[in-house]
Amino acid sequence: MTDVAALSERQYRLLDTASKLLGLGLVALGLESGGSTPTGFALAAVGALCATLTVFLTHE
């Protein structure tokens with residue numbers, strides 16, 4: 001797999017935590033607005049993508 005970006009250990013940890021919290025918040029908003037509605041589903045999908053953002057990043 002090709003590395004998209006390289007971050008320091010501290011930067012990676014901060015970005016990882018922030019993306020997980022943002023993803024969790026978006027999923028919660030999606031569920032609150034109705035998980036079976038198009039808006040709720042879209043928010044949950046974007047939240048899941050945010051939470052897995054750091055899978056494609058590496059740290060040094």
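Residue numbers start at 1 and run along the sequence shown.
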### Query
Under the side chain to side chain donor-acceptor pair (under 3.5 Å) rule, what pairs show up with a residue in residues 25-47, not counting sequence neighbours?
none
### Query
Please, which pairs that meet side chain to side chain donor-acceptor pair (under 3.5 Å) have at least one residue in residues 17-31, sequence neighbours excluded?
D16-K20, K20-T54
### Query
How does the hydrophobic cluster around L49 look, that is, which other residues are in it when side-chain heavy atoms under 4.5 Å mark a link?
none
### Query
Got a second to check how far L26's CG is from L31's CG, nearest 0.5 Å?
11.0 Å
### Task
Treating Ile, Leu, Val, Met, Phe, Trp and Tyr as nodes and any side-chain heavy-atom pair under 4.5 angstrom as an edge, say whether L29 and V46 lie in one connected cluster.
yes
